[in-house]
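Below: one structure, written as structure tokens.
Whatever order the structure lists ligands and atoms in, that order sets their numbers, starting from 1.
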Amino acid sequence: MNKQEVILCEGLANSLERAVGQCPHDKLFILTDECTHRLCLPLLKDVEAVRGAAEIVIAPGDAHKNLATLASVWQVLSDGGATRHSLLLNLGGGMVTDLGGFAASTFKRGIAYINLPTTLLAMVDAAVGGKTGINFNGLKNEIGAFSPAASVLIETEFLRSLDAHNFFSGYAEMLKHGLISTPEHWAELLTFDTECIDYGRLKQMVGRSVQVKENIVREDPLERGIRKALNLGHTVGHAFESLALAEERPVLHGYAVAWGLVCELYLSFRKTGFPKERMQQTVHFIRQNYGVFPFDCKSYDRLYELMQHDKKNTAGVINFTLLKDIGEIAINQTADRDGIFEAFDFYREVMGI
Ligand code: GLY
């Protein structure tokens, strides 16, 4: 997999001019959803390199991250005369960067693309690392490809207008990066004032967070080994997300990951010796900032069944990434049904259900 350049912008216009300039192309297309078309695209109007670009606008939200929307993007590229030397700029959250990246990586066997993420979740996770795709057959990210962007431009100024829920959703992935990296980064995330955000400090922390992901992806781009570290919190988190969706009380991805971290830190404490105090400090932060996803013991079997269908498993064995300590990662761990139910009991007790 080619290396992608991740740029922490010091002025969007200059960074974008440079990134577009580094990708020789015959025609530029900009993909947005209806929200980023209205709110973010106008911010690029003075950037010479994107003037005259053809616009592709799709409906927002995960429900539209599907084959029909993908086909509509291919259609506009085709009707607009895109060639293998054209360039796609994806401006939006993770839905836009995932779907746009996949559209680019498949059109005429692959054209170059640049990601310009506008949400915290996309900046620290979705837009970085080359995973692209769409949902299919009721399954999230079921169809996709590893195909890195030429550049990812991180412009944290977009975060000033992000609502609190989307802020915390992205922050959960930052918390995960803290847990898998260093005690210093983990501690600065736990002590950051999330009520009165210092955007200068947030920008520095976003830079460090992206660096954690980049380092891992560089070592293992195709998730054969250490990239599984990025799945911490996601085995249980995806089950919470799916249950919430099935019960028509959907939750944002990062919230499900935060609640998943509670269970998986408990499993880490029990199975790989993660320090109890660090688990308690992290759980306290999550309870304070994410509230609680309530469920009773009647949902345990359903959650377990959902975890058995996770695409990270091999031969039906539930695969966990756990921690021995902060930054000490134990991939390819398993837990049996009783152990997982014990983690659900812990979650419900500690979250006050
Ligand atoms: N979102 C986890 C990864 O990119 O591997």
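For residues 335-353, the set of pairs meeting the side chain to side chain donor-acceptor pair (under 3.5 Å) definition, not counting sequence neighbours, comprises Tyr266-Glu342, Arg270-Glu342, Tyr300-Asp345, Tyr300-Arg348, Asp301-Arg337.
In terms of the side-chain hydrogen bond (donor to acceptor under 3.5 Å, both in side chains) criterion, residue partners of Lys203 (sequence neighbours excluded) are, by chain and number, Glu10. Remark: Glu184 engages no residue in a salt bridge (Lys or Arg N to Asp or Glu O under 4.0 Å) (not counting sequence neighbours).
Checking Asn135 against Asn66 by side-chain atom types alone, no donor-acceptor pair falls below 3.5 Å.
Ligand 1 is surrounded by Asp125, Lys131, Lys213, Glu223, Arg227, Leu230, each with at least one heavy atom closer than 4.0 Å.
One finds a salt bridge joining Lys140 and Asp62 here, because a Lys/Arg side-chain nitrogen approaches an Asp/Glu carboxylate oxygen to under 4.0 Å.
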Tyr255 and Phe293: ring pair (Phe, Tyr, Trp, His ring centres under 6.0 Å), yes or no, with the steps? CA-CA 9 Å; Tyr255 278 69; Phe293 174 69; over 10 Å; no
